[in-house]
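Have a look at the structure below before the remarks.
When reading the values below, keep in mind they use all heavy atoms of this one structure, side chains included, and skip hydrogens, waters and symmetry mates.
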Amino acid sequence: MINKQNIAFIARMQRQCCHRRWHLRSAFKQHDETLKNRFNDSSGTVCDRINHLTQYFWQAHQHYLHRSGTIAYYPGAGSIYGARNDGIEGVTRLLPLWAAYRSSPLADPQLTEEMDATITSALINGTDPQHSGYWGDVAHKSTLICEAGDIALALWLVKDSLWPRFNTHQQRQILSWLKQVIGKQTADSNWHLFVILVDKVIQALDPDHQFCSMDRYQRIKSFYQGNGCFTDGENGAVDLYNAWAFQYALYWLNKIDPSFDPCFITHAMVDFCAWYKYLFTDQGVVLFGRSLCYRMAAPAPLLMASELNPEQYPSGMALAALDSCWRFFISQGGVQLGRPSQGIFEDDLRWLDPYSGPASAFWATRSLVVFYHQSVTTDWQQLTPQPLPALQHTVDIRVAEAELDITTLPEQHRSIVTFYNHNRSETDTRLSTQTMRDKLRQLLYGVASRPSNNLLKQGVKVFDSTLSQYR
């Protein structure tokens, strides 16, 4: 039964859908084959390929960007949060990439100027309540809390270059918007990290601000199981959110404030990568858990560990993981229409969680953010990629904290993860698909209505780098 509250929600979501349809541009696909060819050409350098990829994303972003500068409507299936939220992600999730690139010695000066203009427009307009592109007030459990993490990180990355160019009023406006995040209720999971990160960035930029999210940080640490593993919440799983959420956020907290909790953060990262490094091959990477559309962010911890402990994790090895991961997925159609695809390979809604929209997968660029940030101190152009550990050593190790075993088969260019407490085999998998009822509800409500398929949660036991379960 549809009540008055449902009608108001439907009306709001349908208005957003109409705005999206009106402003949606044609699909940016003219450079897809060029990108594939560039990554299939082994004669170029890793830096050349990564720079080409970033420029590809940049050109597509300018194509899809709304004139307000605060939303970008990318093509694809929407999320449960509505078209406007999806459009906001099209800007916010790329801000750290533009900020890291423009601060890198690898950056093209002309592109740097263009990115500065885009970053400036997004930050000023998005945080101005009087502007039509205002991102909105931050409420309890709002998705804007999540996006604020990327906004704050981008701001910190340009604190010495672009931030001083904002006048006092603009700085106060941006910080005031971010301060709404502090104290807001979130899911009791990795979402605490968004608030902590925002709080730390504000402290770094506002000398009068006192960090007040230590209780949240202690809650995050309570999820720690050892060996670099965090559960995503008190009863959550140990999955790849460890890589692209927990370890990623902790790395930036350590950069923003090196005195915050360096021993714990460093040990957690180093211990995590001691087993995590074996998941990567030159023909795929082991994936398990939810939000697998972020898959190209997987190499980020190896890059971060190479900075924290270069002897144990050589930069050349991390560079090889970054290159092979992006190369593999791009060759399989994992980047198209100017954005990472909505799936594992090409667009495939079976592997797209309902909370993910057309631009959600830009979190895949988190590995690129770390790469460009590190280029200030690491001369990537002078480094030669080194063989990946899974291709050098036959190992059979147990990670009790994650309840998994890792086996590598170098001669097969293959790595296997077995969750030894699971009883279900991969051959028993029954995938849920969108029903006609789902499609009708989606059409009526104007938001996503589709099931999710998390094979780890469903009890699948074996995952390997061929990713055969996802084909």
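- Across Ser415 and Thr281, no two heavy atoms sit closer than the pair N-CG2, 3.9 Å.
- Other residues, nucleotides and ligands contribute only 12 or fewer heavy atoms inside 6.0 Å of the CD atom of Glu234.
- Here Phe223 and Phe230 keep their ring centres 6.0 angstrom or further from each other.
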Report task. Output, in order, the C-alpha distance, side-chain angles, deciding distance and verdict of side chain to side chain contact (heavy atoms under 4.5 Å, CB included) for Arg216 and Thr186. Result -> CA-CA 10 Å; Arg216 290 182 182 270; Thr186 68; 3.3 Å; yes
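- Rounded to the nearest 0.5 Å, atoms CZ (Arg414) and CD (Gln283) are 11.5 Å apart.
- Taking the six-membered ring wherever Trp is involved, the centroid distance between the rings of Trp191 and Phe194 falls below 6.0 Å.
- Counting heavy-atom neighbours within 6.0 Å of Lys221 NZ, excluding the residue itself, gives a total above 12.
- Checked by atom type, the side-chain pair Arg38/His52 shows a donor-acceptor distance below 3.5 Å.
- Although no hydrogens or angles enter the test, the distance criterion places a donor-acceptor pair under 3.5 Å between the side chain of Asp232 and the main chain of Asn190.
- The aromatic ring centres of Phe272 and Phe246 sit 6.0 Å or more apart.
- For the side chain to side chain contact (heavy atoms under 4.5 Å, CB included) with Pro389, the qualifying choice from Tyr278, Phe280, Tyr313 is Tyr278, the only one to do so.
- With sequence neighbours excluded, the residues satisfying side chain to side chain contact (heavy atoms under 4.5 Å, CB included) with Asp438 are Gln434, Thr435, Ser449, Pro451.
- With Trp252 as the aromatic partner, Lys255 does not meet the cation-pi criteria of under 6.0 angstrom to the ring centre and within 45 degrees of the ring axis.
- Counting all heavy atoms, side chain and backbone alike, Asn40 lies closest to Ser331 at OD1-CB, 3.9 Å.
- When atom types are taken as modelled, the side chain of Gln247 and the backbone of Gly228 share a donor-acceptor pair closer than 3.5 angstrom.
- A side chain to side chain contact (heavy atoms under 4.5 Å, CB included) with Phe39 is found for one member of Leu53, Thr34, Val335 and no other, namely Leu53.
- In plain terms, the two heavy atoms of Ile182 and Ser213 that are nearest each other are CG2-OG, 4.4 Å.
- Across every non-hydrogen atom of Ala359 and Tyr74, the tightest pair is CB-CD1, 4.0 Å.
- Not a single donor-acceptor pair under 3.5 Å links the side chain of Tyr64 to the backbone N or O of Leu24.
- The aromatic rings of Tyr445 and Phe9 sit tilted relative to each other, their planes meeting at an angle between 30° and 60°.
- Taken from CG in Asn125 to CD in Gln173, the straight-line distance is 8.5 Å, to the nearest 0.5 Å.
- Checking side-chain atoms of Asp348 against main-chain N and O of Arg350 turns up a donor-acceptor pair under 3.5 Å.
- The aromatic rings of Tyr224 and Phe264 lie perpendicular to each other, with more than 60° between the two planes, well past the 30° mark.
- For the side chain to side chain contact (heavy atoms under 4.5 Å, CB included) with Phe288, the qualifying choice from Leu404, Val462, Asn454 is Leu404, the only one to do so.
- In this pair, His66 and His19 present their aromatic rings tilted. The plane angle is within the 30 to 60° band.
- Applying the side-chain hydrogen bond (donor to acceptor under 3.5 Å, both in side chains) test to Glu89 and every residue at least two apart in sequence or in another chain returns Arg93, Ser360.
- If you look at His31 and His63, their ring centroids are not closer than 6.0 Å.
- Applying side chain to side chain contact (heavy atoms under 4.5 Å, CB included) to Asp405 and the options Trp275, Tyr420, Phe419 leaves one that passes, Tyr420.
- Side-chain contact between Leu440 and Met436: present, with at least one pair of heavy atoms (C-beta onward) separated by less than 4.5 Å.
- Arg339 has a carboxylate O that lies under 4.0 Å from a charged side-chain N of Asp347, or vice versa, which qualifies the two as a salt bridge.
- Contact of the Phe28 side chain with the Phe57 side chain is not registered, since no non-hydrogen atoms from C-beta on lie closer than 4.5 Å.
- A donor-acceptor pair under 3.5 Å is formed between the side chain of Gln180 and the backbone N or O of Trp177.
- Although no hydrogens or angles enter the test, the distance criterion places a donor-acceptor pair under 3.5 Å between the side chain of His422 and the main chain of Val460.
- Salt bridge Glu114/Arg102: absent, no basic N to carboxylate O contact under 4.0 Å.
- In this structure, Asp282 CG and Phe328 CZ are separated by 10.0 Å, a value rounded to the nearest 0.5 Å.
- Side-chain polar atoms of Tyr73 and Asp86 form no donor-acceptor pair below 3.5 angstrom.
- Atoms CE and CZ, from Met296 and Arg327 in turn, are 15.0 Å apart once rounded to the nearest 0.5 Å.
- From Gln374, atom CD reaches atom CG of Leu319 across 10.5 Å, with rounding to the nearest 0.5 Å.
- Ser291 contributes atom OG, which lies 13.5 Å from atom CH2 of Trp351 (distance to the nearest 0.5 angstrom).
- Side chains of Tyr134 and Ser68: a donor-acceptor N/O pair is absent below 3.5 angstrom, by distance only.
- Leu352 has its side chain within reach of Arg450: a pair of non-hydrogen atoms, C-beta onward, lies under 4.5 Å apart.
- A donor and an acceptor atom, one from each side chain of Asp464 and Thr466, are located under 3.5 Å apart.
- The shortest distance between side-chain heavy atoms of Trp135 and Glu147 does not fall below 4.5 Å.
- Taking the side chain as every heavy atom from C-beta outward, Leu205 and Val201 approach each other to under 4.5 Å.
- Remark: the backbone N or O of Tyr217 is not paired with any side-chain donor or acceptor of Arg219 at under 3.5 angstrom.
- If you check the side chains of Tyr241 and Arg290, you find a donor sitting under 3.5 Å from an acceptor.
- Counting only heavy atoms from C-beta outward, the side chains of Leu368 and Tyr101 never approach each other to under 4.5 Å.
- For the pair Arg49 (side chain) and Asp323 (backbone), a donor-acceptor distance under 3.5 Å is absent.
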Report task. Could you walk me through whether Ser341 and Arg295 pass side chain to side chain donor-acceptor pair (under 3.5 Å), step by step? Result -> CA-CA 10 Å; Ser341 64; Arg295 58 214 179 275; 2.8 Å; yes
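- With hydrogens and angles disregarded, a donor-acceptor distance shorter than 3.5 Å links the side chain of Ser324 to the backbone of Ala321.
- Under a cutoff of 6.0 Å and an axis angle of 45°, Arg471 and Phe345 form a cation-pi pair.
- When all heavy atoms of Ala245 and Leu193 are compared, the pair lying nearest together is O-CD1, 4.0 Å.
- No hydrogens or angles considered: a donor-acceptor pair under 3.5 Å links the side chains of Trp326 and Ser367.
- Panel note: side chain Thr92, backbone Ile88; a donor-acceptor pair is recorded below 3.5 Å.
- At a cut-off of 3.5 Å, with distance as the only test, a side-chain donor of Tyr372 or Asn51 sits close to an acceptor on the other residue.
- No side-chain heavy atom of Leu123 sits under 4.5 Å from any side-chain heavy atom of Thr127.
- The side-chain heavy atoms of Leu106 and Ile50, taken from C-beta on, include no pair separated by under 4.5 Å.
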